[in-house]
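Structure first, then comments.
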Protein chains: 2
Amino acid sequence: MANDATPRRKRSGGRAANARRIRAHAIEQLPFHVPRNPDAPTEPLAPEGVAAIHDTAMRVLEEIGIAFLNAEALEIFREAGCHVTGELVRMDRHFVLEMLSRAPAQFTLTPRNPDREITIGGQHMVFVNVSSPPNYWDMETGKTPGTRAQCRNLLKLCQYFNCIHVVGGYPVEPVDVHASVRHLDVLFDKLTLTDKVAHAYSLGKERVEDVMEMVRIAGGLTEAEFAARPHMYTNINSTSPLKHDQPMIDGALRCIRRGQALIVTPFTLAGAMAPVTLAGAVAQSVAEALAAIALAQYVRPGCPVALGTFTSNVDMKSGAPAFGTPEYMRATQMTGQMARFYGLPMRASGVCAANVPDGQAMWETSNSLWSAVQSGANMVYHAAGWLEGGLIASPEKFIMDCEMLQQIARYFSPDLTATTPDDLAFDAMAEVGTSGHFFGIQHTQDRYETAFYQPFLSDWRNFEAWERDGATWTVARAHRIYKEILTEFTPPPMDPAIREELSDFVARRKAEGGAPTDF
Amino acid sequence: MANDATPRRKRSGGRAANARRIRAHAIEQLPFHVPRNPDAPTEPLAPEGVAAIHDTAMRVLEEIGIAFLNAEALEIFREAGCHVTGELVRMDRHFVLEMLSRAPAQFTLTPRNPDREITIGGQHMVFVNVSSPPNYWDMETGKTPGTRAQCRNLLKLCQYFNCIHVVGGYPVEPVDVHASVRHLDVLFDKLTLTDKVAHAYSLGKERVEDVMEMVRIAGGLTEAEFAARPHMYTNINSTSPLKHDQPMIDGALRCIRRGQALIVTPFTLAGAMAPVTLAGAVAQSVAEALAAIALAQYVRPGCPVALGTFTSNVDMKSGAPAFGTPEYMRATQMTGQMARFYGLPMRASGVCAANVPDGQAMWETSNSLWSAVQSGANMVYHAAGWLEGGLIASPEKFIMDCEMLQQIARYFSPDLTATTPDDLAFDAMAEVGTSGHFFGIQHTQDRYETAFYQPFLSDWRNFEAWERDGATWTVARAHRIYKEILTEFTPPPMDPAIREELSDFVARRKAEGGAPTDF
């Protein structure tokens with residue numbers, strides 16, 4: 001009877017188990033946790049090199065100055081005793097260093113689900129989805145302008161993947177939603193489809209204040225509770241060379257005044273809006289960032305800030321920006337040294353110039369991600385889904401990048417490099433000797449389920465097994481997983497009253513006209 | 001008239017220039033040079049961890065022992081005072097460390113073209129092509145058994161790419177050539193199509209002696225000149241766990257006795273032929289390697305040797321080997337620490353489990369290559385062309401890997417992280433100020449041609465330009481370049497008399513029956 005039943009049970013059991021597995025989880029992944037990077041950073045600069053870049057950045061701030069196209073900032077700098085001439089602000093290094101001394105070495109960000117709280121700083125390394133591409137590419141659609149439906153799908157990936165810790169910006173710009181109300185719709189989607197740390201674009205008063213209000217509502221917080229600690233953040237870019245514009249600084253001031261966090265990320269392409277030499281480009285980037293951070297620390301001493309870097313180079317033949325290059329890697333590592341010199345948390349990025357999720361996309365992204373690791377970066381923007389220098393968001397690329405992010409998280413695990421007697425396994429080697437194998441011994445049996453990282457996207461079968469199963473290349477496997485995740489996805493729980501309050505807020509603000517679109 | 005002429009001249013000039021460029025060089029590449037890795041290695045082990053792995057390796061050699069299936073080696077160990085019981089050799093740590101103290105920290109390998117001389121050790125990092133896959137894959141053929149024609153094509157790539165420094169093994173096994181004479185035909189091809197450092201498989205007396213003889217002839221050397229310094233090398237693998245077989249040890253002894261170099265590379269898959277824990281797998285690998293290196297240093301004090309690593313893990317579900325995993329990276333870095341502890345040059349690899357040159361292939365290969373960099377490896381085997389865990393050689397993958405290798409070489413350039421006043425570019429920033437750009441200024445004009453790495457395979461154009469030009473994914477671009485290189489290829493010069501002598505040697509050895517095939 002057992003003999004009769006076994007084959008049938010096996011067959012149907014196998015199929016049923018597969019079906020159940022697909023229904024339960026499209027993929028196996030590591031639990032949500034913020035990885036800690038135990039490696040000593042790669043430091044291409046000698047201490048004198050760090051000192052030279054610091055001195056150059058200080059001279060830029062003292063002698064050349066930074067333009068602030070923001071009247072309030074100019075007034076504050078004047079009050080602080082800086083030299084303000086028109087829109088140009090020059091500040092001496094003592095002021096800058098005093099302001100930097102107020103900045104915390106690390107801080108937390110607490111979203112509506114407190115289990116998703118993250119720390120920015122120290123050995124912590126958090127990953128953020130791609131933000132802001134105006135276009136979307138997948139294997140079925142090709143390149144198309146972004147839509148709200150695509151944006152929602154990418155938000156589901158952000159929530160689904162435990163290796164994504166922060167839901168930054170719009171994972172794709174939904175250009176089918178009018179710019180005046182886009183932030184309201186996307187933030188409603190983001191705060192209902194995800195429960196991770198959110199972000200506000202500093203693109204005018206209404207956008208940043210609306211987002212803060214929605215994050216407050218989603219967390220069920222009073223204004224006092226909201227302002228008491230950072231629940232979200234904004235990221236501002238300078239307008240290189242040496243300029244901060246009106247809306248970015250306005251949004252930064254609004255965020256820090258309500259207790260939220262600020263990341264300052266100059267976008268300095270060496271050879272275009274920064275010197276063609278990397279030390280110069282990094283010095284300029286540091287100067288631009290520190291000017292805004294000094295402003296923030298003057299306005300709100302001790303406010304949570306991070307130093308961002310986005311220094312890459314252009315293709316000198318065409319002027320096209322390049323990403324994940326050797327130059328990009330070194331600039332990121334050098335900026336990491338500067339961030340540690342100033343005692344600031346650091347943000348980097350996971351980027352590429354490739355137009356589709358192919359080999360080039362992976363080596364460029366891998367270069368940028370490993371340079372983030374090597375630089376001791378605490379936050380990695382665009383870590384999943386970025387293509388075409390940030391002009392395309394792609395779900396397949398998102399899935400492929402998450403495989404790399406999981407591998408990086410696993411790479412950090414102290415288990416891999418432990419040297420306890422159990423790890424050294426002398427007794428196991430003595431047991432096996434010179435002519436056995438380790439598959440069957442107790443030392444292996446006790447550990448085999450967790451000893452090694454299990455990828456969800458890599459195909460490790462031999463060529464023939466892979467071919468029989470359809471000879472599916474990585475990008476097509478990623479596409480299939482994307483679809484399975486959308487089928488499987490369930491939003492995180494939210495109190496219906498809070499959801500209604502959010503919904504009402506969006507309706508009211510839409511009725512009021514949303515945000516001006518003349519930025 | 002200028003107006004009339006300009007467009008036509010521009011058009012035809014553009015086409016003609018393109019045609020000329022293609023005829024002259026399929027790609028632009030960096031000149032032949034051995035890169036020097038300036039980075040401090042990544043060291044996941046604390047000094048106590050290094051000491052613990054060392055102590056475990058020594059206990060393995062002292063208490064468990066290593067089997068040597070080679071009568072001559074057993075006799076030598078007995079003479080040296082080691083404990084020999086049957087095929088099992090136990091040696092104490094004092095003997096091992098005394099033998100290791102004889103090994104040089106670095107050595108040179110001088111091929112027939114002395115301009116291609118390389119150094120193994122120190123900061124030097126040389127790249128070797130994929131060796132030994134029995135199969136070939138390209139976009140046209142799919143997977144097929146290797147042929148001599150394919151092997152010749154891959155040898156041409158080895159010679160063509162300046163980032164390949166050593167022509168290791170058979171870049172694909174030409175299974176259409178009988179195994180008894182395969183080494184003769186491939187070495188003839190290798191020594192006539194390339195002028196870089198060559199390698200002999202230690203698979204029986206005839207193969208290794210024939211190859212040494214052919215390298216001697218190709219270099220136009222007397223036996224005394226050949227034996228006076230290393231011109232080539234062999235790589236041997238242990239038969240893990242804890243065993244060295246007859247032909248490998250035989251070949252190693254033959255090479256070092258004629259003054260050539262030896263690399264010992266255990267292939268220890270954690271969980272299969274080594275402990276499931278990485279510290280144990282690395283300790284076993286080190287013990288296996290040091291046993292053979294001790295033998296070599298006893299026989300020929302000061303002979304050039306390197307410590308190889310090939311510690312990865314298996315997929316515990318299927319038993320399939322995995323490559324380029326987080327575990328692989330850490331094992332490589334840990335082995336790098338051990339190599340430095342023993343003062344030995346180190347060999348690592350560029351590997352993946354992927355079956356085709358897609359995204360997975362690139363992240364796995366990138367992981368393994370960057371771990372080689374981080375471990376301070378001096379020689380990277382399989383650095384171009386490897387697929388399916390070493391069962392496939394692919395020209396497209398070769399081209400894609402060379403793009404990564406060039407980027408690594410460029411990454412090492414001290415120019416990127418220099419901080420002279422010219423690099424810091426304060427004056428350039430002062431000149432541009434807050435509202436210019438850097439394209440046109442003298443500081444940029446003086447440097448733009450060499451400031452940034454120029455890839456030969458990456459496509460940095462925007463999506464629309466890339467799409468208009470055929471929307472070609474990386475692998476197809478690599479295929480096209482492969483074909484262009486074959487068209488363009490010219491073999492390095494060789495004295496006709498030497499070529500004839502080589503040819504005569506091959507004919508004579510074939511007439512004698514080549515090598516036995518009962519290995």
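Note that this is a predicted model, so its numbers are computed, not measured. Proteins come first, then strands; the chains are lettered A, B, ... in the order of their sequence lines, and each starts at number 1.
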Worksheet item: Taking side chain as C-beta onward, heavy atoms only, is B:Asn367 less than 4.5 Å from A:Trp370?
Response: yes
Worksheet item: Got B:Thr474 and A:Met362 here, is their nearest side-chain heavy-atom distance under 4.5 Å?
Response: no
Between [options], which has the largest tally of heavy atom pairs under 4.5 Å with chain A?
| options | value |
| --- | --- |
| B:Asn135, B:Thr325, B:Leu278, B:Thr417 | B:Thr417 |
| B:Glu87, B:Gln284, B:Glu63, B:Arg59 | B:Arg59 |
| B:Gly440, B:Ser413, B:Ala270, B:Pro414 | B:Ala270 |
| B:Gly142, B:Gly433, B:Gly271 | B:Gly271 |
| B:Ala322, B:Ala320, B:Ala283 | B:Ala322 |
| B:Ala274, B:Ala428, B:Ala354 | B:Ala274 |

Please look at [X] and chain B and tell me whether the side chain, the backbone, both or neither of the residue comes under 4.5 angstrom of a heavy atom of that chain.
| X | value |
| --- | --- |
| A:Val432 | side chain |
| A:Ser318 | neither |
| A:Met273 | backbone |
| A:Ser435 | both |
| A:Glu467 | neither |
| A:Glu43 | neither |

Part of [X] within contact of chain A (heavy atom distance under 4.5 Å):
| X | answer |
| --- | --- |
| B:Ala430 | both |
| B:Lys397 | neither |
| B:Leu424 | both |
| B:Trp473 | both |
| B:Asp422 | backbone |
| B:Pro44 | both |
| B:Val475 | side chain |
| B:Thr239 | neither |
| B:Leu88 | side chain |
| B:Gln374 | side chain |
| B:Ala418 | backbone |
| B:Val282 | neither |
| B:Met429 | both |
| B:Ile392 | side chain |

Distance-only polar pair, side chains of [X] and [Y], donor-acceptor under 3.5 Å:
| X | Y | result |
| --- | --- | --- |
| A:Asn462 | B:Glu388 | no |
| A:Trp460 | B:Glu364 | yes |
| B:Thr277 | A:Asp423 | no |
| A:Gln360 | B:Asp459 | no |

Worksheet entry | Derivation and outcome, salt bridge (charged side-chain N to carboxylate O under 4.0 Å, His left out), residues A:Lys143 and B:Glu464 | CA-CA 9 Å; A:Lys143 183 177 177 179; B:Glu464 287 67 29; 2.9 Å; yes
Worksheet item: Which is it for B:Gln454 and A:Asp315 under the side-chain contact (heavy atoms from CB on, under 4.5 Å) test, yes or no, and what are the steps along the way?
Response: CA-CA 8 Å; B:Gln454 189 66 42; A:Asp315 178 353; 3.6 Å; yes
Discussion item. Between A:Arg330 and B:Asp39, does any NZ, NE, NH1 or NH2 come within less than 4.0 Å of an OD or OE carboxylate oxygen?
Written reply: yes
Measure across [X] and [Y] and return the closest heavy-atom pair with its distance rounded to 0.1 Å.
| X | Y | answer |
| --- | --- | --- |
| A:Phe439 | B:Gly319 | CZ-CA, 4.4 Å |
| B:Asp358 | A:Arg477 | OD2-NH1, 4.3 Å |
| B:Ala451 | A:Val276 | CB-CG2, 3.6 Å |
| A:Pro326 | B:Gln407 | CG-O, 3.4 Å |
| A:Pro275 | B:His443 | CB-CE1, 4.4 Å |
| B:Gly280 | A:Ala425 | CA-CB, 4.2 Å |

Discussion item. Holding to side chain to side chain contact (heavy atoms under 4.5 Å, CB included), I want the full list of residues that pass it with B:Ala478, two or more places apart in sequence or in another chain.
Written reply: B:Glu396, B:Ile399, B:Met400, B:Leu457
Fill in: side chain to side chain contact (heavy atoms under 4.5 Å, CB included) against A:Glu449, all qualifying residues, sequence neighbours excluded
none
When you measure from the side chain of [X] to the backbone of [Y], do you find a donor-acceptor pair of N or O atoms at a distance under 3.5 Å?
| X | Y | answer |
| --- | --- | --- |
| B:Thr434 | A:Leu242 | no |
| B:Glu327 | A:Leu416 | no |
| A:Asn355 | B:Arg461 | yes |
| B:Asn313 | A:Phe452 | no |

Practice prompt. Check the pair A:Val356 / B:Trp466 against side-chain contact (heavy atoms from CB on, under 4.5 Å), numbers first and verdict last.
Written response: CA-CA 10 Å; A:Val356 280; B:Trp466 168 83; 3.6 Å; yes
Worksheet entry | Max heavy-atom pair count under 4.5 Å with chain B, selected residue of A:Pro38, A:Ala40, A:Ala52 | A:Ala52
Hey, what do you get for [atom1] ([X]) to [atom2] ([Y]), rounding to the nearest 0.5 Å?
| X | Y | atom1 | atom2 | answer |
| --- | --- | --- | --- | --- |
| A:Phe426 | B:Ile64 | CZ | CD1 | 4.0 Å |
| B:His437 | A:Ser240 | NE2 | OG | 14.0 Å |
| A:Asp55 | B:Thr419 | CG | OG1 | 11.0 Å |

Item to complete: For side-chain contact (heavy atoms from CB on, under 4.5 Å), just list the numbers for A:Trp363 and B:Thr365, CA-CA rounded to whole Å, side-chain angles, deciding distance to a tenth of an Å, and then say yes or no.
Response: CA-CA 9 Å; A:Trp363 77 61; B:Thr365 302; over 6 Å; no
Worksheet entry | side-chain contact (heavy atoms from CB on, under 4.5 Å) assessment of A:Tyr411 paired with B:Gln333 | CA-CA 11 Å; A:Tyr411 164 89; B:Gln333 293 167 350; 2.8 Å; yes
